[in-house]
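Step one of this worksheet: look at the structure below.
Naming: A, B, ... by sequence-line order, numbering from 1 per chain.
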Protein chains: 2
Amino acid sequence: MAEMTVTPWEVKGDIDYDKLIKEFGLTPIEDLPTVFQKNILFRRGVVFAHRDIDRILECIKNKKPFAMMTGLMPTGKFHIGHMMLAQQIIFYQSLGAKIYIAVADIEAFHARGQTLEESRQIAINEYITNYIALGLKPKNCEIYFQSNRSDDPKKSNAYYRLQNILAKHATFNEFKAVYGEITPGKMVSSLLQAADMFHPQLKEFEKPIPVLVPVGADQDPHIRLARDICQRTKEYKLIQLSSTYQKFIPGLKGDKMSSSDPTSYIALSDLPGDIDNKIKKYAFSGGRETLEEHRKLGGNPDVDVSFQYLKYIFEDDDKKLKKIYDDYKSGKLLTGELKQILIDKMKLFLREHQKKREDAKKSINKFLK
Amino acid sequence: MAEMTVTPWEVKGDIDYDKLIKEFGLTPIEDLPTVFQKNILFRRGVVFAHRDIDRILECIKNKKPFAMMTGLMPTGKFHIGHMMLAQQIIFYQSLGAKIYIAVADIEAFHARGQTLEESRQIAINEYITNYIALGLKPKNCEIYFQSNRSDDPKKSNAYYRLQNILAKHATFNEFKAVYGEITPGKMVSSLLQAADMFHPQLKEFEKPIPVLVPVGADQDPHIRLARDICQRTKEYKLIQLSSTYQKFIPGLKGDKMSSSDPTSYIALSDLPGDIDNKIKKYAFSGGRETLEEHRKLGGNPDVDVSFQYLKYIFEDDDKKLKKIYDDYKSGKLLTGELKQILIDKMKLFLREHQKKREDAKKSINKFLK
């Protein structure tokens, strides 16, 4: 196995999630309430670990308020990897969470040299439109830009004040440990990110309520830094963050899904021809070299990317998924056939989704007050 | 002469202002319009150098808008050193400048560990009350707290956005050069200070208008850093800063005036008994050891602190000042007599001022909207 590297700026090798749990000091996800089991991401183990999720489960159980906070870095196309996070957001909204979504335009400015206006356009046209089409509701949901927090001065002042106050409770070395090379720009972005995560607790927002931050498995250093800052911050009564960790969904070719490589993902704006082409041409297969061999020895669904996409996103029916798994493993189902199942599912989904996108565009303003 | 050190965090030795002008690359103040000559601070050379003041003089000449921006660090008592800056502010307001005064509560939090509430109380009770009593008018004047920029969300967002964007245009080494030891807290304070200086130019405030920042001679590194940042910032159309430099007013004992040592200054809240005591006991004298010697050889008004205070603050009449100078130098005027002239002037001024302070307290709200 290729050696595993999982940091916020590099993910490579074969990922051993048990090892990750140990190294990062996470807690495996177990015994979630039934409502979670209905969600494909939890039932199939995409969300595999957490920190302090019990505090959130208590809120759900006792119908007490809690917030879910996440950020989006507005670069490139919105793809199925992004969709999985969106589905988590929508799931928590259905459980009653107040949703906060930060458009990290200040971070994109410093990390990518992207203007605030470019970020705004991408955030709206790609991310927010897709969130809405996927089912995000305007009620109990606040989407904002880091550069322009709110139309309420009390809120804006409180948010940026938090950024400036939190600066006292972190050191340069801590920033370096999370970001590698550190510049003043990356530092203010990092402090703003910490403010993003904690500000729902301020009296100008929801008052002290627990905040859950769902992240990719590579983002834990950000969470650890925020949690360390939380412990030292006496100026505010902050409740420690809760977080969950999501597995990496493989790119089409079996390695990393990357916004900068369109042959590594299916975008939610891809057309039927793109789907056919990308899946048939690029989707890494667990099948055998020859038809004969495949029929005789069977394929390997566990490394087959098409199967992963069905498992983690497109086939919600456990029985059907099991049949596909068994048939592929036994050699009854061929790679071309497996790919066709995915293609059909995807096309159906995307046709519907793209219609919803048109409606979604009309209600953008309900989300950006 | 003791070797001169002039940095934002240390001032010592005998100050050679001509050398300072050369080292910092400042321009000596010369040929100011008549209106400046009427002001004691300019006529007596307290304000001795500048950068790019011509841009401001043009505005004054052509009745075009300009802003004067300054910050106050809300610590300790408001003393006669602070009063000299206040008098400059009021002078520029009389010339038509839009006045911006930043209460540096975020900086005080990081540099002094002072809570925002402590800063607020000191800023209001000591600084702002005295500004008003000295003649600051609410019209064309905005006093704000760094932690709570405005009641207008457009303005608040624009101000903190500027702080976060400017971070791109400075390096850690530049901050170190200005601040010595640098922490994340000092860094965000420094960026906020740069935002303080440039934000009057934003479209949310006064639109691009020249900004003048009057500072003490030790503060030029802050100005240089801000000017360097300005040159690199292409995201905004910023007009380069103008600045003026003020000489250090000596402390009572002839060395530094320090907020942490009450025997080094006269506070504007000092009572008549304090004045008598402080001047008689501490004011460094340019007189001779004995009365006889003084009568025979004369005193040295150029090092006498009482004379400096008369020259720079309390004796506006050039003829009277010259007579005091000549009489002290000739030995006709004794040290006790010189001190008494100052004491009488101060008591008269402070009695009136302390009455005005009572009225000023009532109009604080006009300044803090």
Side-chain angles (χ1 to χ4, degrees), chain A residues 104-117 144-176 181-195 204 225 229 232 234-236 369, chain B residues 104-118 144-176 181-195 204 225 229 234-236 369:
Chain A
D105 59 350
I106 291 290
E107 190 179 351
F109 172 74
H110 289 297
R112 313 283 176 103
Q114 187 167 285
T115 69
L116 302 182
E117 186 49 34
Y144 66 90
F145 295 80
Q146 285 181 327
S147 68
N148 204 34
R149 175 59 189 93
S150 175
D151 282 352
D152 176 345
K154 282 204 178 63
K155 292 187 175 189
S156 279
N157 287 321
Y159 169 73
Y160 296 110
R161 183 188 309 133
L162 181 60
Q163 176 194 21
N164 280 308
I165 294 290
L166 292 181
K168 189 173 186 174
H169 303 294
T171 67
F172 284 128
N173 284 337
E174 288 177 307
F175 289 122
K176 274 184 200 158
E181 275 303 295
I182 173 90
T183 61
K186 284 191 193 171
M187 216 207 70
V188 296
S189 304
S190 177
L191 289 167
L192 209 44
Q193 191 180 68
E204 290 82 358
L225 177 60
I229 290 175
R232 300 172 198 146
K234 306 298 175 210
E235 292 80 10
Y236 298 89
K369 279 154 272 185
Chain B
D105 58 352
I106 292 289
E107 190 180 349
F109 172 74
H110 289 297
R112 313 282 177 105
Q114 188 167 287
T115 69
L116 302 182
E117 186 50 34
E118 284 165 352
Y144 65 90
F145 294 80
Q146 285 182 327
S147 69
N148 204 34
R149 175 59 188 94
S150 175
D151 282 351
D152 175 345
K154 282 205 177 63
K155 291 186 176 190
S156 279
N157 286 321
Y159 169 71
Y160 297 110
R161 183 188 308 132
L162 180 62
Q163 176 194 21
N164 280 308
I165 294 291
L166 293 181
K168 189 172 185 174
H169 303 295
T171 67
F172 284 128
N173 284 337
E174 288 178 307
F175 289 121
K176 274 184 200 158
E181 275 305 294
I182 171 92
T183 62
K186 284 191 193 169
M187 215 204 71
V188 296
S189 304
S190 177
L191 289 167
L192 209 45
Q193 190 181 68
E204 291 82 359
L225 177 60
I229 289 175
K234 305 301 174 206
E235 292 80 10
Y236 298 89
K369 278 155 271 184

*asked:* Using the side-chain contact (heavy atoms from CB on, under 4.5 Å) criterion, which residues pair with A/Glu117? Sequence neighbours excluded.
replied: A/Thr115, A/Arg120, A/Gln121
*Could you give the distance from CG (B/Asp105) to NE2 (B/His110), rounded to the nearest 0.5 Å?*
10.0 Å
*Pick from B/Leu116, B/Val188, B/Leu166, B/Ile106: which one has the most heavy-atom pairs with chain A under 4.5 Å?*
B/Val188
*Tell me, for A/Asp152 versus chain B, whether the close heavy atoms (under 4.5 Å) come from the side chain, the backbone, both or neither.*
backbone
*Identify which of B/Lys186, B/His169, B/Arg149 forms the greatest number of heavy-atom pairs closer than 4.5 Å to chain A.*
B/Arg149
*Between A/Gln146 (side chain) and A/Glu107 (backbone), is there a donor-acceptor pair under 3.5 Å?*
yes
*Could you tell me which portion of B/Thr171 (side chain, backbone, both or neither) has an atom closer than 4.5 angstrom to a non-hydrogen atom of chain A?*
backbone
*Nearest 0.5 Å please: distance from the CD atom of A/Gln193 over to the CG atom of A/Leu225.*
8.5 Å
*Among the options B/Pro184, B/Gly113, B/Ser147, pick out the one with the most heavy-atom pairs lying under 4.5 Å from chain A.*
B/Pro184
*B/Thr183 versus chain A, heavy atoms under 4.5 Å apart: side chain, backbone, both or neither?*
backbone
*What residue in A/Phe172, A/Phe145, A/Phe175 has the most heavy-atom pairs under 4.5 Å with chain B?*
A/Phe172
_Quick check on the structure: residues of residues 155-165 of chain A within a heavy-atom distance below 4.5 Å of chain B, by number._
A/Ser156, A/Asn157, A/Tyr160, A/Arg161, A/Gln163, A/Asn164, A/Ile165
*Just checking, B/Lys168 and A/Phe109: is the charged tip under 6.0 Å from the six-membered ring centre and within 45° of the axis?*
yes
